[in-house]
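Values in this document were obtained by computation on a predicted structure and should not be read as measured data.
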Amino acid sequence: MQKFVLHKGKILKNTRVSQDTYFLSFLSNIKFLPTEFVLIDTFPTKFLLKPFSIAVNDNNSVGIIYRVVGEGTKFISQKIVGEEIYYLGPLGNTYKFNEIVNSLRRNDLILLVAGGSGVASLVYLYKYFTRLGKKVKMFYGETTKTKIINLATFGIKNVVYTTDDGSFGIRGSVLEAVCEYFDNFSSISSITTFVCGPKSMLSRLKEIIETKLKNVFNINCYALLEEYMCCGVGVCRSCVVKVKKENTWEYKTVCKDGPLFSLSEVIF
Ligand SMILES: Cc1cc2nc3c(=O)[nH]c(=O)nc-3n(C[C@H](O)[C@H](O)[C@H](O)COP(=O)(O)OP(=O)(O)OC[C@H]3O[C@@H](n4cnc5c(N)ncnc54)[C@H](O)[C@@H]3O)c2cc1C
Ligand code: FES
């Protein structure tokens with residue numbers, strides 16, 4: 001199967017897009033769907049391959065947006081154009097994504113909510129849904145201006161930026177901006193939300209939806225989860241999360257069952 005084969009791709013671009021974040025693109029004729037991811041080989045720096053969401057997928061290339069947080073991502077940032085990178089993919093379960101796409105109605109609004117490097121996982125969703133003719137709105141928060149990625153360079157226009165310190169966009173957390181948006185929102189269309197960011201942010205959004213928004217709006221929210229990964233294909237169980245099952249819960253793997261989950265079923 002394609003997902004168990006280590007692919008090789010010549011690097012086309014590896015450029016800085018904010019203080020600590022880069023855009024890497026490489027030659028690949030593999031077709032990816034939004035929410036799918038790749039595992040990139042950073043050996044010998046790191047033994048395990050590193051997971052990254054697909055941000056861009058053209059006819060002959062794939063692009064990821066990655067934040068340098070440790071040795072593996074530093075290794076990738078030092079790669080130069082023309083060098084090869086090795087990766088596994090496409091990985092991830094697209095069943096739920098396809099189900100969402102098929103159930104969308106004409107006037108449904110797509111809301112994308114990104115915290116920090118979680119924005120990387122939402123860029124492809126924006127492109128995909130705008131191409132389908134959907135109205136898409138994005139909220140993107142960082143701690144400070146130097147961390148902000150200018151999403152216009154990825155063709156994303158309808159963005160509300162926030163920073164915790166107010167150095168760019170609206171001052172405060174991205175969820176405060178989302179709540180304010182809903183305070184003034186009067187449309188009767190259904191809202192399909194995708195969120196990616198730190199666990200504390202996902203858990204707070206879940207609370208806001210359950211206590212405030214769900215009573216007023218027809219809103220479904222899906223989270224793209226990130227966990228430490230080892231095998232990437234559902235075997236080692238290193239990436240499990242707790243998910244509701246009837247009156248109890250079960251473990252699901254982010255790599256094989258996810259990374260897309262209904263936010264309401266995730267137990268933080
Ligand atoms: C499905 C999936 C998709 C992802 N997509 C992207 C992406 O598109 N762009 C991007 O920048 N990052 C993404 N990540 C996170 C990325 O994989 C990690 O940042 C990367 O593996 C760190 O490797 P490292 O060797 O540089 O750092 P490490 O030495 O492994 O870790 C450095 C620091 O980062 C934290 N960290 C590392 N991995 C994770 C994780 N999975 N969850 C929470 N904290 C972590 C550690 O706590 C540590 O503090 C994704 C993760 C998953 C599971
Ligand atoms: S990384 Fe091995 S089961 Fe998910």
Side-chain angles (χ1 to χ4, degrees), residues 3 5-28 30 32 35-58 61-92 114-124 140-151 153-154 156 161 163-165 167-168 174 196-202 224-233 236 238-239 254-255 258-259:
K3 66 171 68 169
V5 176
L6 203 56
H7 305 288
K8 184 166 77 168
K10 187 169 277 189
I11 295 176
L12 301 171
K13 225 178 197 183
N14 197 12
T15 49
R16 200 189 282 263
V17 290
S18 82
Q19 185 189 44
D20 54 2
T21 309
Y22 292 72
F23 174 65
L24 170 83
S25 72
F26 48 91
L27 280 176
S28 168
I30 300 175
F32 289 86
T35 75
E36 287 187 307
F37 66 96
V38 283
L39 280 178
I40 294 188
D41 186 20
T42 60
F43 189 80
T45 298
K46 282 282 177 89
F47 179 70
L48 297 175
L49 287 81
K50 296 282 163 183
F52 298 95
S53 305
I54 303 304
V56 176
N57 187 200
D58 301 331
S61 74
V62 165
I64 63 160
I65 297 169
Y66 65 97
R67 186 151 288 177
V68 176
V69 293
E71 290 304 315
T73 41
K74 186 173 167 202
F75 169 90
I76 299 172
S77 72
Q78 289 165 345
K79 289 272 175 192
I80 57 171
V81 171
E83 275 189 88
E84 310 273 11
I85 64 138
Y86 293 84
Y87 63 98
L88 286 177
L91 298 168
S117 61
V119 71
S121 305
L122 303 181
V123 167
Y124 193 14
Y140 165 36
E142 291 280 7
T143 50
T144 192
K145 181 180 178 177
T146 51
K147 292 204 166 249
I148 290 274
I149 301 163
N150 178 5
L151 294 177
T153 57
F154 293 97
I156 300 182
Y161 292 93
T163 49
D164 294 350
D165 63 4
S167 52
F168 189 84
V174 69
C196 189
K199 274 196 193 122
S200 55
M201 175 189 148
L202 304 185
L224 281 148
L225 299 186
E226 295 186 0
E227 280 298 336
Y228 294 97
M229 285 189 181
C230 181
C231 71
V233 289
C236 72
S238 69
C239 67
V254 169
C255 66

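Under the 4.5 Å side-chain criterion, counting only non-hydrogen atoms from C-beta, Leu49 is not in contact with Tyr86. The closest side-chain heavy-atom distance from Phe52 to Leu24 is not below 4.5 Å. Between Asp20 and Thr73, every side-chain heavy-atom pair lies at or beyond the 4.5 Å cut-off. Taking the side chain as every heavy atom from C-beta outward, Ile40 and Ile64 approach each other to under 4.5 Å. A 4.5 Å side-chain heavy-atom check between Phe75 and Asp41 finds every atom pair outside the cut-off. Using a 4.5 Å heavy-atom threshold, the side chains of Ile85 and Ile76 count as separate. Using a 4.5 Å cut-off on side-chain heavy atoms (C-beta onward), Thr163 and Ile148 make contact. Between Lys13 and Ser61, the closest side-chain pair of non-hydrogen atoms is not below 4.5 Å.
Considering all non-hydrogen atoms of both residues, Ile80 and Ile11 come closest at O-CB, 3.9 Å. Heavy atoms only, all atoms of each residue included: Thr42 and Leu48 are closest at OG1-O, 3.9 Å. The two residues Val233 and Leu91 make their nearest non-hydrogen contact at CG1-CD2, 3.9 Å. Residues Gly232 and Phe37 share a closest heavy-atom pair of O-CZ, 4.4 Å. Nearest approach of Cys236 to Cys230, heavy atoms of both residues: SG-CB, 3.3 Å. In terms of heavy atoms, Cys196 sits closest to Ser121 at SG-OG, 3.6 Å.
Applying the side-chain hydrogen bond (donor to acceptor under 3.5 Å, both in side chains) rule to Asp165 yields the partners Thr144, Ser167; only residues at least two apart in sequence or on another chain are considered. Scored by the ring pair (Phe, Tyr, Trp, His ring centres under 6.0 Å) test, Phe26 finds Tyr87 as partners (sequence neighbours excluded).
Outside the 6.0 Å centre-distance limit, the rings of Phe32 and Tyr124 are not counted as a close aromatic pair.
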Working note: Leu6 + Leu88, criterion side-chain contact (heavy atoms from CB on, under 4.5 Å); need CA distance, chi angles, decisive distance, verdict.
CA-CA 5 Å; Leu6 203 56; Leu88 286 177; 3.9 Å; yes
Show your reasoning for whether side-chain contact (heavy atoms from CB on, under 4.5 Å) applies to Tyr228 and Val254.
CA-CA 9 Å; Tyr228 294 97; Val254 169; over 6 Å; no
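Note that CG of Asn57 and OG of Ser25 are 11.5 Å apart. Values are rounded to the nearest 0.5 Å. For the atom pair CD (Glu71) and NZ (Lys46), the distance works out to 6.5 Å, reported to the nearest 0.5 Å. Rounded to the nearest 0.5 Å, atoms NZ (Lys50) and CZ (Phe43) are 13.5 Å apart. Atoms CD1 and CD1, on Ile54 and Ile30 in that order, are 9.0 Å from each other to the nearest 0.5 Å. With values rounded to the nearest 0.5 angstrom, Leu122 atom CG is found 8.0 Å from Ser53 atom OG.
Side-chain N or O atoms of Arg67 include none that pairs as donor or acceptor with a backbone N or O of Ala120 at under 3.5 Å. Remark: side-chain polar atoms of Tyr66 are paired, donor with acceptor, to backbone N or O of Ser77 under 3.5 angstrom. Proximity of a side-chain donor or acceptor of Ser18 to a complementary backbone N or O of Ile149 within less than 3.5 Å is not detected.
Here the rule is side chain to side chain contact (heavy atoms under 4.5 Å, CB included) with Leu12, and of Val81, Leu27, Val62 only Leu27 fits it.
Counting heavy atoms of neighbouring residues, nucleotides and ligands inside a 6.0 Å radius, atom NZ of Lys145 does not exceed 12 of them.
Salt bridge status for Glu227 with Lys199: present, with a side-chain N to carboxylate O gap under 4.0 Å.
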